[in-house]
Structure formats: structure tokens, C-alpha cells
Number of protein chains: 2
Amino acid sequence: MKSRDKKTNDVPDCLKLDNQLCFPLYACAKAVTHRYRPLLDPFDLTYTQYITMMVLWEKKAINVKELGEKLYLDSGTLTPVLKKLESKHYISRHRSEQDERNLIVKLTEEGAALKEKIVTVPEQMSCCIDLTREEAVELHKLLHKIITTMK
Amino acid sequence: MKSRDKKTNDVPDCLKLDNQLCFPLYACAKAVTHRYRPLLDPFDLTYTQYITMMVLWEKKAINVKELGEKLYLDSGTLTPVLKKLESKHYISRHRSEQDERNLIVKLTEEGAALKEKIVTVPEQMSCCIDLTREEAVELHKLLHKIITTMK
DNA sequence: TACAATTTAATTGTTGACAATTTAATTGTA
DNA sequence: TACAATTAAATTGTCAACAATTAAATTGTA
């Protein structure tokens with residue numbers, strides 16, 4: 001029924017969009033990110049800028065490399081994101097004095113203060129993801145399993 | 001333990017990257033798409049081009065609107081993707097004679113032939129996603145639940 | 001110490017994603 | 001029929017993602 005050669009409409013099952021795991025994953029990630037937009041607009045943040053801020057709320061100072069490891073992003077993506085956040089006065093960017101290769105990113109007061117206002121965002125998001133607590137935990141577990149084995 | 005106000009390191013739990021569902025989703029989708037790259041390179045296809053071809057292998061002719069509904073993409077994304085696929089001679093693009101607003105996308109012979117060669121790709125992918133059959137089914141179910149409730 | 005190797009960010013170039021707008025064709029209706 | 005409203009795709013502009021390369025600082029070692 002699900003072998004490679006079994007065909008309906010002369011396409012192997014494994015080449016059908018809906019039989020793949022990757023496509024729902026891709027579609028779902030886009031749909032969720034999309035939902036963030038109206039929630040983040042009032043704070044003048046994009047989703048990528050938001051997750052960058054999340055790292056900083058947990059860790060006041062961090063360099064680009066370490067930030068990239070947490071977010072799975074490289075400096076090519078992060079440099080412009082960080083410059084944007086700096087221009088919004090949410091973060092500061094300075095070279096480390098010990099090692100000038102490192103760029104240290106820090107929250108500004110304004111950036112730190114944002115944390116208090118923005119807690120409504122994850123609350124609103126979890127509302128519109130219509131899963132039970134158990135389903136959410138299960139999904140989280142499965143996603144992490146893939147992420148760790150992929151790395 | 002997981003209330004909004006419960007804090008460790010003075011960040012509410014709900015604002016921690018790893019407590020969110022959206023971030024693992026985003027990270028996982030990127031990791032999987034990334035894995036496609038070396039598999040698709042020999043066919044000179046990007047992931048987006050690949051899923052576009054998948055729709056066409058199932059449905060020989062389709063217009064941009066319908067294609068966009070299947071892939072959750074708009075014409076702003078699809079127009080350049082389709083032009084690229086056309087330049088690679090995998091598809092043809094023609095206006096419908098009945099309604100000139102519609103652009104009809106069709107497989108070329110070369111594009112149709114690609115299907116036979118590319119079946120190894122989903123096979124290789126399913127190998128490197130380290131889930132049991134049951135886990136994969138469960139993940140698929142959960143993702144679809146989110147996608148449908150989000151739309 | 002000198003200089004090769006490594007490390008860190010930034011830059012460049014390509015592709016993707018999407019909002020907002022534009023253009024052209026078709027449909028609805030006064 | 002005339003023309004307003006709608007529809008489909010393309011265009012424009014912005015941000016994101018990532019490979020590959022570059023520039024600068026640091027580290028390792030002959």
C-alpha cells in the first residue's frame with residue numbers, strides 16, 4: 001500500500017506531497033510564523049527579531065557565534081537582524097575588549113523593558129494552536145528528536 | 001511550574017525559546033529543508049522548486065492560483081520559481097485560451113522524466129529522519145491539525 | 001619572534017517569502 | 001452596452017536564509 005512502486009495516478013506514494021513529513025513541517029512552520037505577524041507588529045518586531053530578543057532576555061550578553069548556535073542561524077543572517085534591532089534601540093553591539101573578533105550583543109534598557117510588555121504574545125499564540133497539553137508535549141518531543149538527530 | 005509568572009533567571013517560562021512550540025517547529029523545518037539540499041543538487045532543484053514539481057507530477061496542468069493553494073505560496077513567490085523551472089526546461093508556462101488571466105503550468109517531457117530518477121530522494125530523506133513509523137504518523141497528524149486550524 | 005592556521009563577523013550573491021500595488025482580463029450589473 | 005467590481009498573475013520592496021568569500025584578530029608552532 002505504501003511501497004515505492006505502488007502507484008495511484010502514476011505517481012509513487014513517496015513522491016506525493018501529503019505523504020511526506022517535510023512538507024507539512026514546512027507548511028506548518030510557515031503558518032505559525034505567519035500568525036505571529038499581527039501579534040508582533042505592535043512591537044515593531046519580525047519573527048526572527050523576536051526570537052533573537054528571546055535569547056537576549058535569557059542571557060543579557062552574547063556574541064554572534066553563540067547566538068547563532070542557539071537560533072541555528074549564521075552571521076550572514078544575524079548581522080542584518082542585529083543591525084535592525086540596534087537601530088530600534090533594543091540592543092547594543094560592541095566588540096569585545098578581550099578579543100576583538102567577538103561582537104558582543106547586549107540588551108538596552110528599552111530592549112529589556114520590552115520583555116514585560118511582550119508576554120501577551122506567547123499567551124495569544126498558545127491559544128490559537130489548538131492542541132491539548134499532551135499533544136503539544138508529544139509534538140515538542142518529536143520535533144526535538146528530529147532536530148537532534150539531524151544536527 | 002509553568003505559569004506565566006513563574007520565573008527562572010527572571011524570564012517567564014512562556015518567553016523561553018525551548019518552551020515554545022513555534023521555535024522547534026521553525027528549527028526543525030529548516031533542518032529538514034537543509035538536508036534536502038545535497039540530495040536535490042544533482043537535479044539542479046531547490047526545495048521550493050522540488051515541491052512545485054511534486055504537484056506537477058500529480059497533476060499535469062495547473063494554474064498559478066491552484067498551485068499556490070496546494071503549496072501555500074502566492075504568485076509573488078511562485079512567479080520567479082516557475083520562471084526558473086521554465087528556464088531549466090522542466091515546465092512550460094502558457095496563458096489559458098479560455099481565460100487569459102490564467103497562466104497554465106505544464107510538465108515538459110524532461111520534467112515528467114525527472115520523476116523516475118528522483119524517487120531516491122524521498123527514500124533517502126525518510127532514512128535520515130529517525131522516527132518510528134508510529135511516531136511519523138503521529139507527527140503528521142499533529143502537524144495537520146495545526147495547519148487546518150490555522151487556516 | 002615570524003608566520004601559518006584558525007576563528008569570528010561581515011560581505012556578496014542567490015533564492016525564497018510575503019505584503020502591497022499594478023496590470024490586464026473577465027464578470028456582474030445599472 | 002458601458003463601466004464598476006472582481007479575479008489572476010506579475011511587479012516592487014522588504015526581510016530572511018544560507019553558501020561562499022573576505023577581512024581582521026587571535027592562536028599555534030617552527
Side-chain angles (χ1 to χ4, degrees), chain A residues 22-23 26-38 40-41 44-53 62-88 91 93-105 150, chain B residues 22-23 26-38 40-41 44-53 61-88 91 93-105 150-151:
Chain A
C22 63
F23 181 69
Y26 158 87
C28 191
K30 279 201 308 174
V32 172
T33 309
H34 193 253
R35 273 288 169 122
Y36 268 99
R37 201 178 215 282
L40 291 175
D41 271 349
D44 191 25
L45 289 178
T46 63
Y47 179 71
T48 310
Q49 291 164 10
Y50 171 63
I51 59 177
T52 303
M53 292 301 289
I62 195 169
N63 65 23
V64 175
K65 179 185 162 65
E66 206 184 337
L67 188 58
E69 282 163 2
K70 285 182 186 292
L71 297 175
Y72 309 105
L73 294 172
D74 66 9
S75 68
T77 304
L78 284 174
T79 297
V81 168
L82 294 172
K83 285 179 177 174
K84 266 270 150 53
L85 287 172
E86 186 183 41
S87 78
K88 293 173 187 177
I91 64 165
R93 297 163 69 246
H94 295 290
R95 292 284 166 177
S96 163
E97 285 177 15
Q98 290 75 33
D99 185 341
E100 296 248 334
R101 288 172 304 183
N102 286 283
L103 186 112
I104 310 292
V105 181
M150 283 283 183
Chain B
C22 64
F23 181 69
Y26 158 88
C28 192
K30 279 201 308 173
V32 172
T33 309
H34 194 252
R35 273 287 170 122
Y36 269 99
R37 201 178 215 280
L40 293 174
D41 271 349
D44 192 24
L45 289 178
T46 63
Y47 180 70
T48 311
Q49 291 164 10
Y50 171 63
I51 59 176
T52 303
M53 292 301 291
I62 194 168
N63 65 24
V64 175
K65 179 184 162 66
E66 205 184 337
L67 187 58
E69 283 163 1
K70 285 183 186 292
L71 296 176
Y72 309 106
L73 293 172
D74 67 9
S75 69
T77 303
L78 285 174
T79 297
V81 168
L82 295 172
K83 285 181 176 173
K84 264 273 150 52
L85 287 172
E86 186 182 42
S87 76
K88 294 173 186 177
I91 65 164
R93 298 163 65 247
H94 296 290
R95 293 281 166 180
S96 163
E97 284 176 16
Q98 290 76 31
D99 185 340
E100 296 247 337
R101 288 172 302 182
N102 287 283
L103 186 112
I104 311 291
V105 181
M150 284 282 184
K151 277 290 138 183

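By convention in this document, chain letters (A, B, ...) are assigned in the order of the sequence lines, proteins followed by strands, and residues within each chain are numbered from 1.
- For DNA chain D, the span of nucleotides reached by chain A at under 4.0 Å from its heavy atoms goes, 5' to 3', from D:dC15 to D:dT26.
- Residues forming a ring pair (Phe, Tyr, Trp, His ring centres under 6.0 Å) with A:Y26 (at least two apart in sequence, or on another chain): A:F23, B:Y47.
- Among residues two or more places apart in sequence or in another chain, the side chain to side chain donor-acceptor pair (under 3.5 Å) test is passed with A:R37 by none.
- Contacts of A:E86 classified as side-chain contact (heavy atoms from CB on, under 4.5 Å), with partners at least two apart in sequence or in another chain: A:I91, A:R93.
- Applying the side chain to side chain donor-acceptor pair (under 3.5 Å) criterion to B:Q98, with sequence neighbours excluded, gives B:S96.
- Every residue was checked against the salt bridge (Lys or Arg N to Asp or Glu O under 4.0 Å) condition with A:D74, not counting sequence neighbours, and none meets it.
- Summarising the local packing, NZ of B:K30 is surrounded by more than 12 heavy atoms from other residues, nucleotides or ligands at distances under 6.0 Å.
- In this structure A:Y50 satisfies the side chain to side chain donor-acceptor pair (under 3.5 Å) test with no other residue, sequence neighbours excluded.
- By the side-chain contact (heavy atoms from CB on, under 4.5 Å) test, A:E69 is found to be paired with A:K65, A:E66, residues two or more places apart in sequence or in another chain being considered.
- Evaluation of the side-chain contact (heavy atoms from CB on, under 4.5 Å) rule for B:K84 yields B:Q49, B:K88 as partners, not counting sequence neighbours.
- Both A:D99 and A:R37 lie near DNA chain C, and the one whose nearest nucleotide falls closer to the 5' end is A:D99.
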Which parts of nucleotides 9-17 of chain C does protein reach within less than 4.0 Å, heavy atoms only, written one letter per nucleotide 5' to 3' as B for base, S for sugar-phosphate only and - for none? BBB---SSB
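- When base pairs are accepted only as Watson-Crick or G-U wobble with both N-N or N-O distances under 3.5 Å, DNA chain D takes part in stems of 3 or more pairs at C:1-30 with D:1-30.
- Remark: A:R95 engages no residue in a side chain to side chain donor-acceptor pair (under 3.5 Å) (not counting sequence neighbours).
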